[in-house]
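Because the structure is predicted, anything quoted here is derived from the model rather than measured. Both ligands and their constituent atoms are indexed starting at 1 by order of listing.
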Amino acid sequence: MMLEVKDLAAAYSGIEALRGVSLKIEAGEMVALIGANGAGKSTLLNCLSGTVRPRGGSIRFEGKEIAGAKPHKVSRQGLLHVPEGRQILVELTIEENLLLGELARGGRPSNYGLKDVYKLFPILEERRLLKGGTLSGGQQQMLAIGRALMGGPRLLLLDEPSLGLSPLITDQVFSALQSLNAAGLTILLVEQNAHRALQATSRAYLLEHGEMAFEGRSADLINDEKVIAHYLGHLA
Ligand SMILES: Nc1ncnc2c1ncn2[C@@H]1O[C@H](COP(=O)(O)OP(=O)(O)OP(=O)(O)O)[C@@H](O)[C@H]1O
Ligand SMILES: [Mg+2]
């Protein structure tokens with residue numbers, strides 16, 4: 001098992017954001033985590049990557065307990081997080097942003113280097129000497145993904161990669177994620193765009209008010225009118 005989360009709880013100054021959350025991801029899977037605004041999706045990813053400290057429960061990553069571990073320790077083990085809003089460094093060049101991503105590796109070998117990132121996103125190579133801030137939103141998302149790849153992920157977490165992107169750019173980002181997964185990378189994808197996320201993944205978890213409301217095969221969920229109407233409403 002690549003990731004095994006059991007009974008996770010999190011709160012912000014006493015207000016519960018996650019309760020009894022459990023989830024499992026096998027090596028090689030691409031899994032969606034969907035849910036409405038404020039359901040706790042980002043909080044769950046942040047607990048996994050160490051930027052939010054859970055108040056209870058367990059997170060086992062490749063057999064090691066990481067709940068409460070510092071973010072740099074977690075990323076050094078190969079759990080890499082592409083945060084919501086991308087957080088690239090606008091004053092550094094694209095290539096410098098990518099090279100910074102290598103720091104997360106902490107000496108582990110990586111199956112991804114600059115060449116691989118440039119092959120996946122040729123636009124980044126074309127613009128490699130320009131500042132990050134000159135990129136469009138979609139290109140910044142590609143850069144954020146590329147930077148995480150440079151950290152040698154064994155598990156890649158993505159928080160709403162399609163946010164604010166045009167359908168065309170969203171297609172490009174999703175097809176890059178699917179080709180990474182086809183080549184063996186394990187991915188946990190958080191999306192508000194439920195339909196897209198379900199199309200791209202084999203399994204999905206649905207978070208509602210901080211609790212897991214449903215888990216199953218994405219293909220089943222996508223066709224389940226009741227689940228979609230009830231849990232996802234207009235988002236579907
Ligand atoms: N830093 C914070 N301080 C206080 N409350 C927070 C903080 N971050 C999130 N929350 C609250 O925790 C709950 C879960 O938020 P979270 O951001 O995890 O949801 P989400 O599913 O990612 O939502 P969205 O789809 O809007 O990104 C919400 O009620 C939110 O208001
Ligand atoms: Mg969020």
For residues 68-79, which side-chain N or O atoms pair as donor and acceptor with protein atoms under 3.5 Å away, sequence neighbours left out?
residue: Ser75; atom: OG; partner: Pro71; partner atom: O; Å: 3.3
residue: Ser75; atom: OG; partner: His72; partner atom: O; Å: 3.2

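- Taking a heavy-atom cut-off of under 4.0 Å, ligand 1 is surrounded by Tyr12, Ala17, Ala36, Asn37, Gly38, Ala39, Gly40, Lys41, Ser42, Thr43, Glu84, Glu160, Gln192.
- In summary, Gln192 places no N/O/S atom under 2.8 Å from the Mg ion (ligand 2), failing the contact criterion.
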Donor-acceptor list for residues 150-158 side chains, cut-off 3.5 Å, not counting sequence neighbours:
residue: Arg154; atom: NE; partner: Glu62; partner atom: OE1; Å: 2.8
residue: Arg154; atom: NE; partner: Glu62; partner atom: OE2; Å: 2.8
residue: Arg154; atom: NH2; partner: Glu62; partner atom: OE2; Å: 2.6

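- Between Arg19 and Glu16 there is a salt bridge, since a side-chain N of the basic residue sits under 4.0 Å from a carboxylate O of the acidic one.
- Within a 6.0 Å sphere centred on CZ of Arg53, other residues, nucleotides and ligands contribute 12 heavy atoms or fewer.
- With no hydrogens or angles considered, a side-chain donor-acceptor pair links Glu95 and Tyr118 at under 3.5 Å.
- Considering only residues two or more places apart in sequence or on other chains, Gln140 meets the side-chain contact (heavy atoms from CB on, under 4.5 Å) condition with Arg86, Ile88, Leu135.
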